[in-house]
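Only one structure is covered here, and it is reproduced in the block below.
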Amino acid sequence: MHDIRTLRDDATLFDAAMARRGLPPAAAGILAQDSERRAAQTALQEIQSFRNALSKRIGEARRKGEDSAALEAEVSAKRAEMEALEKKVAGLDKAIFDTLAALPNVLDGDVPEGPDESANVVLKQVGAPTDLGFEPKQHFELGEALGMMDFETATKMAGSRFTILRGGLARLERALGQFMLDTHTTQHGYTEHTVPFLVNDATMFGTNQLPKFAEDSFRTTDGRWLIATSEIPLTNTVAGEIVPEAKLPIRLTALSDCFRSEAGASGRDTRGMLRQHQFRKVELVSIVHPEQSVAEQERMTASAEKVLELLGLPYRRVVLSSGDTGFGAVRTFDLEVWLPGQQMWREISSCSNTRDFQARRMNARFRNAEGKVGGFVHTLNGSGVAVGRALIAVMENYQQADGSIRVPEALVPWMGGAEFIRKV
RNA sequence: GGAAGGGUGGCCGAGCGGCUUAAGGCGCACGCUUGGAAAGCGUGUGUGCGUGAAAGCGUACCGAGGGUUCGAAUCCCUCCCCUUCCGCCA
């Protein structure tokens, strides 16, 4: 959510920022409505002031037992004009709010220019693409052969883009989630949370799922929403709060199921469990002082990278281009893991700084050492990492020629000591 | 789901149609007092918006949204949330 003052201060700069997002100039139209609104509000306030003064005199007159009919008539005469102005102000307020709420965040200066993911820039690579020494299989081939990944039965009961895991792979998914949570809580200072998977409209607005991206989420019959990521409940823990500065930074993590309608993704990644309506993810959220968000994004991304390093997965860090950066982010680092079966780097984590964009929507502020409200906090979110995709990555990178899966060393304690997943 | 009681400023809490730009207290800030502190005393202490060079002035805000009225924290309606009891239930 933008502060209208940034448009008033420099409309050209704002339009330039929107142009980087591929959007037409918007400032002039909004500012025209803004000045119209202010004029109407001033006119309204003059009438309100007049009314308040007369109402006071009416009260005094009545207490003295005098006749107040003339004064009452004088106020009543203004009624139509006042209602019209109230309506105008409210209408313009809503129009301006709706427009601002639908505009994406202003990108950081160091975000590379480009129309889409083709312009993303690789910042570093850790590990080389795995050389297995035989023809690698894709995860769904491996999983089905093991009898532990069942798309057919899941589709029967729920439709496409659902998967049933069994036995060793179900255990592996659980182990990955526990391992990631334990890593972030014991090594990176994040506090574990369990959160609601169903949330209300205001919460969805706070983390930018609403109003623009309603079709990406599932809605319940009682008007709630299934969370698309635990970023939503975690970040909204500070909604409406004034956090003492001494409590910052606040670092939160949760393992949750995530629900996405994948509207508009038809035909993409239809094989296997790369893109599902329901998947598990360990999320990292940081609530920080405004001066700390740039450093925190680096720290958060490093925390996610640590998980991939411990799992021994080749990955690279990519900074998303202007055309690929999400609505609420000023800058996003993606982590891409190597998938031997696909012979491709695929996204497994996305770490974004939103600065005060979400905080403004949620009205999340901090109180400084002097006890004054110091402004909006900055919020960041990142996957630490996507559990379903980590499962795929482990399967494809640790597959053996006989179709079994070796368990990464770091994961063995969470697997009850098992070192291999074999067909039973 | 049913019944009752509630939601007021950073916190507690009064107010239940005009004298409230919300009493009082706590907390906080500054000052007086003191060798220093505590206590005491005094002063100040919300947010948004509009207007203004500024000081200031105006306006809105007492869970949210509507309504009644010359005037609403106060009355009416709808919704949300909290507490207690009952019912149901992993």
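Order of the sequence lines sets the chain letters (A, B, ...), proteins ahead of strands, with each chain counted from 1. Because the structure is a prediction, the values reported are computed rather than measured.
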> What dot-bracket string describes RNA chain B from 5' to 3', counting Watson-Crick and G-U wobble pairs whose defining distances are under 3.5 Å, with [ ] for crossing pairs and | for pairs to another strand?
Replying inline: ((((((((.[[[..)..(.....]]]((((((.......))))))((((((....)))))).[[[[[..)....]]]]])))))))....
For atom [atom1], what is the distance between [N] and [M], given to the nearest Å?
N	M	atom1	value
B:G5	B:G44	P	40 Å
B:A73	B:U20	C1'	9 Å
B:U78	B:G2	P	13 Å
B:G65	B:G7	C1'	16 Å
B:C61	B:A38	P	41 Å
B:U59	B:A22	P	13 Å
B:C19	B:C76	C1'	26 Å
B:C41	B:U8	C1'	30 Å

>> Each nucleotide in nucleotides 67-74 of chain B should get exactly one letter: B, S or -. Can you fill that in based on protein heavy atoms under 4.0 Å?
In response: --SBS---
When the distance from [atom1] of [X] to [atom2] of [N] is rounded to whole Å, what number comes out?
X	N	atom1	atom2	result
A:Arg365	B:G10	CZ	C1'	12 Å
A:Glu46	B:A60	CD	C1'	16 Å
A:Arg360	B:G48	CZ	C1'	13 Å
A:Met1	B:G48	CE	C1'	14 Å
A:Gln45	B:G52	CD	C1'	13 Å
A:Asp201	B:C79	CG	C1'	13 Å
A:Phe366	B:G10	CZ	C1'	16 Å
A:Leu44	B:A60	CG	P	8 Å

Kindly check if the number of other-residue, nucleotide or ligand heavy atoms within 6.0 Å of [atom1] ([X]) is above 12?
X	atom1	value
A:Glu152	CD	no
A:Arg280	CZ	no
A:Arg57	CZ	no
A:Glu215	CD	yes
A:Arg224	CZ	no

> A:Gln399 and A:Lys137: side-chain donor and acceptor closer than 3.5 Å?
Replying inline: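 Not at all, the side chains of A:Gln399 and A:Lys137 share no donor-acceptor pair under 3.5 Å.
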Strictly below 4.0 Å: does [X] bring a side-chain N or O up to OP1 or OP2 of [N]?
X	N	answer
A:Ser49	B:G58	no
A:Arg38	B:C49	no
A:Arg5	B:C49	yes
A:Arg8	B:G50	yes

>> With heavy-atom distances below 4.5 Å as the criterion, would you say the side chains of A:Phe50 and A:Glu74 are in contact?
In response: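 Yes - at least one pair of side-chain heavy atoms lies under 4.5 Å apart.
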>> So A:Gln41, base contact, sugar-phosphate only, or nothing? Heavy-atom distance under 4.0 Å.
In response: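 Touches a base.
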> Only one of A:His184, A:Glu296, A:His188 forms a side chain to side chain donor-acceptor pair (under 3.5 Å) with A:Arg251, so which one is it?
Replying inline: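 Answer after filtering A:His184, A:Glu296, A:His188: A:Glu296.
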> With A:Leu380, which of A:Asn353, A:Thr354, A:Val330 fulfils side chain to side chain contact (heavy atoms under 4.5 Å, CB included)?
Replying inline: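 Per the side chain to side chain contact (heavy atoms under 4.5 Å, CB included) rule, the option paired with A:Leu380 is A:Asn353, out of A:Asn353, A:Thr354, A:Val330.
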>> Just verifying a value: how many Å separate A:Lys56 NZ and A:Glu60 CD, rounded to the nearest 0.5 Å?
In response: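 Between atom NZ of A:Lys56 and atom CD of A:Glu60 there are 8.0 Å.
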> Any cation-pi pair here, A:Arg406 with A:Phe420, using under 6.0 Å and within 45°?
Replying inline: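 A:Arg406 over A:Phe420 ring: no.
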>> For A:Arg63 and A:Ile242, find the nucleotide of RNA chain B closest to each by heavy atoms; which residue's nucleotide sits nearer the 5' end?
In response: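 With A:Arg63 and A:Ile242 compared, the 5'-side residue is A:Ile242.
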> If you pin A:Arg224 and A:Gln48 to their nearest nucleotides in RNA chain B, which one's is more 5'?
Replying inline: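 This one resolves to A:Gln48.
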